[in-house]
Amino acid sequence: MATMSFDRTPAAPAESPDNKVYFDGCRAGKLILGKCLDTGKLFHYPRHVSPFTLSNNVEFVEASGDGVIYSYSVARGKEPFCVAYVTLAEGPTMLTNIVECDLDALKVGQKVKVKFRATEGDGAPVPVFVLA
C-alpha cells in the first residue's frame, strides 16, 4: 500500500531585506540562486554576501528548477512527509520537501522539478519539489 505525502501548508517564511529578491522570485514562480561574481559559483540560500568569499560581489540568477534527490528522510505518522536535499541542475544543493508522491517509491537520484507551495497567512510561497 502506498504512503502518500500529506498535503500540509508550510509556515510563512521570515522575510527580510536580505532575502527579498528570493521571496519576490518565489511569488513570481521563479527559483532564485545567488552567484558569487568573484568565483562564478552559484549558491542557495541566496543572500547579499557570498559564502565563498564573504564579499558582496553577488548577483541573483534564475534556476531551471530541475534537480535530483541527493538524500531524503520520510517522517511517518498521522501526516507523513518527506524532507530532502535536492541537488539542482546548476550545482547547489538545497533543503526542501518532496510532495505529491508515494513516499515509499522515493529513491536517491530521482529527477524532480520545483513547484511553489502557498504558506500560512499572506506569506511568500516556498519552493518544494515534485517527481519529474
Side-chain angles (χ1 to χ4, degrees):
M1 181 173 185
T3 304
M4 297 305 293
S5 59
F6 181 74
D7 188 21
R8 62 191 179 102
T9 302
E15 295 185 59
S16 71
D18 197 46
N19 62 27
K20 181 176 178 7
V21 171
Y22 180 72
F23 287 115
D24 284 350
C26 290
R27 286 184 179 90
K30 298 176 181 179
L31 180 60
I32 302 297
L33 299 174
K35 181 177 182 179
C36 175
L37 296 176
D38 297 325
T39 65
K41 293 181 183 178
L42 297 169
F43 56 92
H44 185 274
Y45 191 85
R47 49 203 173 272
H48 292 280
V49 175
S50 167
F52 308 111
T53 63
L54 301 180
S55 80
N56 61 358
N57 195 16
V58 169
E59 73 177 356
F60 300 100
V61 297
E62 182 179 352
S64 66
D66 297 325
V68 296
I69 298 173
Y70 174 78
S71 179
Y72 69 95
S73 181
V74 174
R76 300 183 186 278
K78 189 174 181 182
E79 300 174 351
F81 65 97
C82 176
V83 176
Y85 280 107
V86 168
T87 300
L88 302 173
E90 294 79 8
T93 298
M94 64 182 282
L95 183 64
T96 187
N97 292 113
I98 308 296
V99 299
E100 301 174 9
C101 66
D102 174 1
L103 297 172
D104 296 329
L106 291 176
K107 294 183 175 95
V108 169
Q110 278 182 302
K111 292 182 180 182
V112 291
K113 182 81 177 158
V114 75
K115 179 177 183 172
F116 294 90
R117 179 155 285 179
T119 59
E120 294 174 344
D122 61 350
V126 294
V128 295
F129 285 79
V130 294
L131 297 178

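Numbering of residues begins at 1 and proceeds along the displayed sequence.
- For residues 110-119, the pairs satisfying salt bridge (Lys or Arg N to Asp or Glu O under 4.0 Å) are Asp7-Arg117, Asp66-Lys113, Glu100-Lys115, Glu100-Arg117, with sequence neighbours left out.
- Side chain of Asn19 to backbone of Ala14: a donor-acceptor contact under 3.5 angstrom is found.
- Of the inter-residue distances, the one linking Cys36 atom SG with Leu54 atom CG reads 9.5 Å to the nearest 0.5 angstrom.
- With a 4.5 Å cut-off on side-chain heavy atoms, Ile98 and Val86 count as touching.
- For the pair Val58/His48, no side-chain contact is recorded, criterion being any heavy-atom separation below 4.5 Å from C-beta on.
- Residues Phe129 and Gln110 have side chains not in contact (no heavy-atom distance under 4.5 Å, counting atoms from C-beta outward).
- In this structure, Tyr22 and His44 have perpendicular ring planes: the angle between them is above 60°, well past the 30° mark.
- Scanning all heavy atoms of the two residues, the minimum distance from Phe52 to Lys41 falls at CE1-CB, 3.4 Å.
- Nearest heavy atom pair, residue Tyr72 against residue Leu106, reads OH-O, 2.9 Å.
- Side-chain N or O atoms of Asn97 include one that pairs as donor or acceptor with a backbone N or O of Cys82 at under 3.5 Å.
- At a threshold of 4.5 Å between non-hydrogen side-chain atoms, the residues Leu88 and Leu31 count as touching.
- Put simply, the side chain of Thr119 never gets that close to the backbone of Pro10: no donor and acceptor are under 3.5 Å apart.
- Within the 4.5 Å cutoff, no side-chain heavy atoms of Val99 are placed close to those of Cys101.
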